[in-house]
Student: 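One structure follows; several queries about it will come next.
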Amino acid sequence: MRLTDLPINTLKEVPSDAEAGSHQLMLRAGLIRQLASGLYTWLPLGMRVLNKVKKIIREEMNNAKALELTMPVVQPAELWVESGRWEEYGAELLRLQDRHNREYCLGPTHEEVITDIARHELKSYRQLPVNYYQIQTKFRDEIRPRFGVMRAREFVMKDAYSFHIDENSLLEGYHLMKEVYSNIFNRLQLTYRIVQADSGTIGGNKSEEFHVLAQSGEDAIAYSEKDGFAANIETIPLHPSNTKLAEPTEELKLVETPQVKTIKELCSFIKVKPEQCLKTLLVQGTDTPAVALILRGDHELNGVKAQNLKAVASPLRMLNTSEAKGATGVETGFLGPKDLKIPVYIDYSAAVVSDFVCGANINDHHYTGVNWKRDLPMPELADLRNAVAGDPSPSGNEPLSVAKGIEVGHIFQLGQKYSQAMKATVLDDEGKPRTMFMGCYGIGVTRVIAASIEQNHDEKGIIWPSAIAPYDVIIIPINMDKSYRIRETTEELYKKLQESGYETIMDDRSQRPGVKFADADLIGIPHRLVIAEKSLDQGQLEYKHRRSNETEMVPIKNIIKILKEKQL
Ligand code: ATP
Ligand code: MG
């Protein structure tokens, strides 16, 4: 492709509303443009990357005998009523009506539609197992679309659904998909981890997520190399601490703390570390207006764990400031466990802190030097928080480390949830109807591209892995307008590269070399070839790989051999 035929509109400035590095680079390199919040156009350069990702996914899915189909984006409400999700699904489901006032939604996922297909198309156990997949647009009215295509409202997903006669077959299908996903993410040259998405104790069927490790990730993953264990920090059950509660060393003191409401403000006011402070959170109770949950100041409440407590209303609801004041008579920033007259639960790790600081249940006051048993009775203990770095791994072999991850894939054993609700049966070997077992498997096709850029960029721009680069090679001729020799060599080289199967860009714009170099770095083409008058005398051109800082002079006649050797 000649750049005179491909209008690229690269941006020097970082767009002000783009937070994530990948979002900035996708806009600057001209891969995508925003139409409205969470809605993006894929421009020609971006489209090439998207197609390459789709091709890899298709090849691997087809290899595993999955069958491609495509389902409508617009789905009738009746199917969702049948599965129960018309009520259950929140505001992310965009609902609409047609001219006959019939209700529809834009598909955020396709379990209902595929189960409807399966119950009509599949008749006998002999036809199973079957895995149907599509690569298609999804719509989710995300509350906070951000990071560009990473969390968009309209995005492309590869979703697959498998149907089985029994649980064993489902397990086989699930493990096959896990392998297929690993192959796909390996071919996409991503550094990823397979993460347990639920622990079994918290509930739900088995599911695992594929996470690309990146600083900008929205999920926190706890892992232990020794155990080969990785799980979302929210899904790890934690046990009573082995640490012994130390003897008190301080006196209990009431301290005036005017306007000091957050743990951060408290720490700087009293000069104490967050782990020495205990925070008191109020949630709605099952039979009481309020239940207090006590955690260490540096720990995060885990909503699922909390709502599993009998005394806590499910779904979990934090009390607002006026409800909290109504239930306790104190402003929220000054709540604490001492003399609190509502049910109280304490997280295991908060129960082993001595000489702690907490709200005094008196406005504008905190206590310091508080000690369990000496100053107040120990409340009921519970596991209330997310795991943090340093918590023991499930085997106890090694402390957990925590890294940020971007969820690019999710595989799930659905069991009979949808097939039961929607009566998807086949006849078994005795001619009796049997409810099928299902698995579902998603890849965020557009998100994968943003995730890849998060892992592959520098201050100059994108560094595409060879598998998904929009082009393999970029030729930059210097002073092409003025020199016949440069023009002729460039054309010849361009032809030769294309004939050898290299997807090539020729930067034939009449731009300054500096502009061309900057654009080549920004759009991240792996191999850069510069043709200049001086080196032509020796029959050479300048070669540089996007990942390397070194340039080298190489003979033009050997270029194909050299490109093969330089494949990174
Ligand atoms: P998340 O937790 O990130 O919201 P999810 O668990 O809701 O994702 P799934 O229903 O498992 O997502 O969807 C399958 C895949 O689709 C995800 O693994 C992710 O890669 C992708 N995906 C989900 N939501 C979005 C979105 N808003 N924008 C882009 N990709 C998305
Ligand atoms: Mg998911």
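Every number for a ligand or one of its atoms is a count from 1 in the order of the listing. Since we're looking at a predicted model, the values are computed, not measured. The first residue of the sequence shown is numbered 1, and numbering continues consecutively from there.
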Student: Could you tell me whether Glu59 and Arg187 have a side-chain N and a carboxylate O separated by less than 4.0 Å?
Tutor: yes
Student: Could a heavy atom of Asp159 be found less than 4.0 Å from some atom of ligand 1?
Tutor: no
Student: Counting both backbone and side chain atoms, is some N or O of Gly442 under 3.5 Å from an N or O of ligand 1?
Tutor: no
Student: Quick check on contacts: which atoms of ligand 1 are under 4.0 angstrom from a heavy atom of Val408?
Tutor: 18 (O), 20 (O)
Student: Report the part of Val149 (side chain from C-beta onward, or backbone N, CA, C, O) that has a heavy atom under 4.0 Å from ligand 1; answer both or neither where that applies.
Tutor: backbone
Student: Numbering the atoms of ligand 1 from 1, which are under 4.0 Å from a heavy atom of Arg447?
Tutor: 3 (O), 19 (C), 20 (O), 22 (N), 23 (C), 24 (N), 25 (C), 26 (C), 29 (C), 30 (N), 31 (C)
Student: Count the heavy atoms belonging to other residues, nucleotides or ligands that lie under 6.0 Å from CD of Glu167, then report whether that count exceeds 12.
Tutor: no
Student: To which of Arg151, Glu407, Lys158 does the heavy atom nearest atom 4 (O) of ligand 1 belong?
Tutor: Arg151
Student: Looking only at side-chain N and O atoms, does Thr435 offer a donor or acceptor that is under 3.5 Å from a partner on Gln416?
Tutor: no
Student: Kindly identify the option in His410, Glu142, Glu209, Met157 whose heavy atom sits closest to atom 13 (O) of ligand 1.
Tutor: Met157
Student: So does Asp298 pair up with Arg296, basic N to acidic O under 4.0 Å?
Tutor: yes
Student: Indicate whether the side chain of Glu68 and that of Asn62 have a donor and an acceptor atom separated by less than 3.5 Å.
Tutor: no
Student: Quick check on contacts: which atoms of ligand 1 are under 4.0 angstrom from a heavy atom of Arg140?
Tutor: 5 (P), 7 (O), 9 (P), 10 (O), 12 (O), 13 (O), 23 (C), 24 (N)
Student: Classify the angle between the aromatic ring planes of Tyr181 and Tyr441 as parallel (below 30°), tilted (30 to 60°) or perpendicular (above 60°).
Tutor: perpendicular
Student: I want to know whether Phe185 and Phe210 have ring centres closer than 6.0 Å.
Tutor: yes
Student: List every atom of ligand 1 that sits less than 4.0 Å from any heavy atom of Gly409, numbering the atoms from 1 in the order shown and giving each element.
Tutor: 18 (O)
